[in-house]
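Working notes, beginning with the structure itself.
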Amino acid sequence: MIKDITILIAGAAGQGIQTIGTLLARVCHRAGLFIFSSDDFESRIRGGHSFHLLRIGTRPLVAPSLNIDILAAVNERDYEYHRERLGPKGIALINSDTKKTMESHAFYLPFDASAKAAGGMIASNTVAAGALLAIIGAKFKDFETVLKDNFRDKSEEVLKLNLKTGKQGYDIGRDIEFPKYFDFTGGRHGRVFMTGAKAAALGALAADCRFFSFYPMSPGTGIISNAAQYGNELPIVIEQAEDELAAINMAVGASFAGVRSLTATSGGGFCLMTEGLGLAAMTETPVVIVLAQRPGPATGLATRTAQADLLFSIYASQDEFPRFVFAPGSVLETFNTVKKAFYLSEKYQVPAIVLMDQFLADSAGTETGAFQTGHEHETFLDQETQMSQDQAYFRYKLTGSGISPRKVPCLSDALVRATGNEHSEEGLSSEDPRVRTAMVEKRFRKQVLMKDEMRMPLVFCEDSSFYLTGWGSTKGSIMEACLRLREEGIDVGWVIFEDIWPLDSHRLKTLLENKKLIMVEGNATCQLGSLIRQETGIDYVTRILKYDGRPFYPEYIIERAKQIMGK
Amino acid sequence: MAAIQFDIENENEWCPGCGNFAILAAMKKAFIAQGLEPRDLLIVSGIGQAGKTPHFMACNMLHGLHGRALPLATGAKIANHRLNIVVNSGDGDCYGEGGNHFLAAIRRNIDITLLVHNNKIYGLTKGQASPTTALGMKTEIQNRGTVSSPFNPVATALAAGAGFVAQGFSGNTEQLSELIVEAMSHKGFSMIDIYQPCVSFNKINTHLWYKERVFDLKEAGHDPLDYEKALQVAHMGAEKIPTGVIYKSQSPSFTDRLDVLKTKTLFEYGFDKLKMNDILGRG
Ligand SMILES: Cc1ncc(C[n+]2csc(CCOP(=O)(O)OP(=O)(O)O)c2C)c(N)n1
Ligand code: SF4
Ligand SMILES: [Mg+2]
């Protein structure tokens, strides 16, 4: 019994395939179905091959599916391009005003012509959405509600056109036979459906981040554009910097003055931020950096996905200093991780990096867990305003924990002196070797406590023969692959890292000892595998790596894992 | 008590006779003239001899990276636009490594005061040519003479739309401190390029060399509200060196333009947990 179906909507950039996907997702979400969607597009504004993948089911979905059940092609060439992914019972809808012949599974439908006849080619996507919804058995009433909401800011005319074309599409789709897996009767459920990029933005806002500086770079920009949606409701400032050097320095400057700050970028931009990262570390100024990875080096593949900046983020910037590196693996986890990153960054006065990637940023999932504020917005700033004359304030006071009381400038008689040069307790440059040694040790004392904040990787199925081991955005695909392999009687578990650095070698070693790890990573050198070996001496047995710029599908992992395990 | 309150016990690292001492003195004088105390000031600086300035006085200080003082100061100002922020930067720091930020700060009209200690040389790294080094000037590395033409900061600032542009000279502390007061009272981005002899590495543009060439724009009857005249002043060349306010015009500053900062600083807002949960509830 199939519990979920996958729809692939293909077209050229600029043809609005995402619009179709969004309409579908919203109707299904209203009806209580679970969705996982992802976007695959080229670095161009018009033309090329793009697709939106929408998986719909009656239970939570955590990964995309390689096999598709319905292919909706805006152009015939898109049909040719993707048809091999169609399963044996799959159908294809191809937008064509002229072609009438019907292959048994391929239906040529006049999306454009219908829209034109109704008064506007622009509504062609609504025709397609209507047809798809009818095919999967959605109620027109639900579609109508979603359309009304979708076009509420537009003119009466636009809404009318879309309602009309939506109905036309719906009627076209009704004639096409396709099994109706879902009953679309679900009522209110309170679940959330959103993208990773939006979850990151909300996580920042829920942690009281008020300043966002950035320089546009895919796939990092989406985090900022999502935050920007709340500019009228929340006290935030979003500033597009002149470059990433400015972006990170602005964030550090704002944080120094007492406002929580975030900057988001991708690998190339992060390269430019590395000196600023070191400044945050040396001045002990909290800052959160969301690093949404894409393939590189250099410009690489601008709109594609990768997991190849793990070691870079751990070691970026010269010399050595403590930092946090996290790699959330789902939409809800992204929200919670970014929130936590602010809290911990401020608690320990160190930079925190949240690793995402194009796949996670642009994927959307139905989450059953709650998106809520917690304690993470609470500040650690020492806001004592009075200061007696004889009591000097030392920004870098040597303490047992390595954490010095942090004040903001110009709010008290305490002079706050911070510098990126090596410095004394009072924050003045110093070249004294004893001071230098004491300060290096002070900064690293914090790391001992930071390690205790880090969660160990999730382990599923103690005593399995093998463990699919990964981090970050591959989480969903690894979990699904593992569960499906187990259904086939193959004994495999998972080890999934969300908190990456600092790594508690001792605890990790105990956890992983005697486990056979099959690394699953989106890079060519098995970066997490190397890190585990370096930190614990435990070597992985083999690896499933992928560096083609595309995400891991569970099917791919299943196939490779079977080969490895000789099944 | 006067100047004393800005003094601190920290060994000054500049070479004896360096023009930076006079700039530091002029700064202190200007702060006292405005009734400011160390606690009221945030001095942000870059890297170089100029960047060390806040180390030699009592103030709040953020001593950042080479070239990046302006974005650092911009972030701090956005977080708390009530801060009085002065930036100390060098000619290499501001016009070389940080050139892009210089242009962006002007465009933003961020309400901070930029002091560029322009010694026409890289002082801290021992005497390489800087963006403002004269064409043909020999240095240890540019040993056949500097090949590129000097950058004209004042003309560039004017062209970019800066609302307060002045030229100072460390040899005239009286005038310089007045310029600093005027720059700090200007609402919006203000910059003073300050000629500063480097006794160790610039043997051409010495104190005496400047003394023989500088003249006071105010005395010469220059009208700083006249943009055309200001451009002429900016292009006067090296033989007669104008000092004083070159151009002034008022427009809303960056933080004035942000509605969210109309009533409170970004720092002062509280966290609205109810509203945030409401937003999260919408999904
Ligand atoms: C990223 C980086 N590059 C280079 C340097 C080395 N450096 C330090 S100061 C300086 C130039 C200083 O010249 P200027 O800004 O004119 O300041 P001055 O010392 O003359 O006051 C350079 C190149 C550095 N600290 N950081
Ligand atoms: S090197 Fe030049 S600028 Fe630096 S302190 Fe010495 S004289 Fe001053
Ligand atoms: Mg210089």
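Letters A, B, ... mirror the listed sequences (proteins, then strands); counts begin at 1.
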Please classify the contact of [X] with chain A as side chain, backbone, both or neither, using a heavy-atom distance under 4.5 Å.
X        : value
B:Ala69  : neither
B:Ile8   : side chain
B:Leu62  : both
B:Leu41  : backbone
B:Leu266 : both
B:Arg282 : side chain
B:Asn10  : side chain
B:Arg82  : neither
B:Ile78  : side chain

Within the 4.5 Å heavy-atom criterion, are [X] and [Y] side-chain neighbours or not?
X        : Y        : result
B:Ile279 : A:Glu233 : yes
A:Val252 : B:Leu72  : yes
A:Arg395 : B:Met61  : no
B:Leu258 : A:Val237 : yes
B:Leu65  : A:Leu245 : no
A:Asn249 : B:His101 : no

Problem set entry | Which of B:Leu70, B:Leu42, B:Asn80 touches chain A most, by non-hydrogen pairs under 4.5 Å |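 Ranked by heavy-atom pairs under 4.5 Å with chain A, first place is B:Leu42.
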Keeping the roles fixed (side chain from [X], backbone from [Y]), state whether a donor-acceptor pair exists under 3.5 Å.
X        : Y        : answer
B:Lys273 : A:Gly374 : yes
A:Lys198 : B:Gly283 : yes
A:Arg210 : B:Tyr269 : yes

Identify which of [options] forms the greatest number of heavy-atom pairs closer than 4.5 Å to chain B.
options                                : value
A:Ala241, A:Ser213, A:Gly420, A:Ala206 : A:Ala206
A:Met282, A:Gln372, A:Met194           : A:Gln372
A:Val192, A:Asn421, A:Val416           : A:Val416
A:Ile236, A:Thr285, A:Thr283           : A:Ile236

So, taking the atom named [atom1] in [X] and the one named [atom2] in [Y], what distance separates them when rounded to the nearest 0.5 Å?
X        : Y        : atom1 : atom2 : answer
B:Thr74  : A:Glu239 : OG1   : CD    : 8.5 Å
B:Asn60  : A:Phe256 : CG    : CZ    : 6.5 Å
A:Asp413 : B:Arg39  : CG    : CZ    : 5.0 Å
A:Cys410 : B:Leu83  : SG    : CG    : 5.0 Å
B:Lys52  : A:Leu428 : NZ    : CG    : 12.5 Å

Give, as side chain, backbone, both or neither, the part of [X] having an atom under 4.5 angstrom from any heavy atom of chain B.
X        : value
A:Ile248 : neither
A:Thr373 : both
A:Ala251 : neither
A:Gln229 : neither
A:Phe335 : side chain

Exercise. Any chance CZ of A:Phe34 has more than 12 other-residue heavy atoms, nucleotides or ligands included, within less than 6.0 Å?
Worked result: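 Yes.
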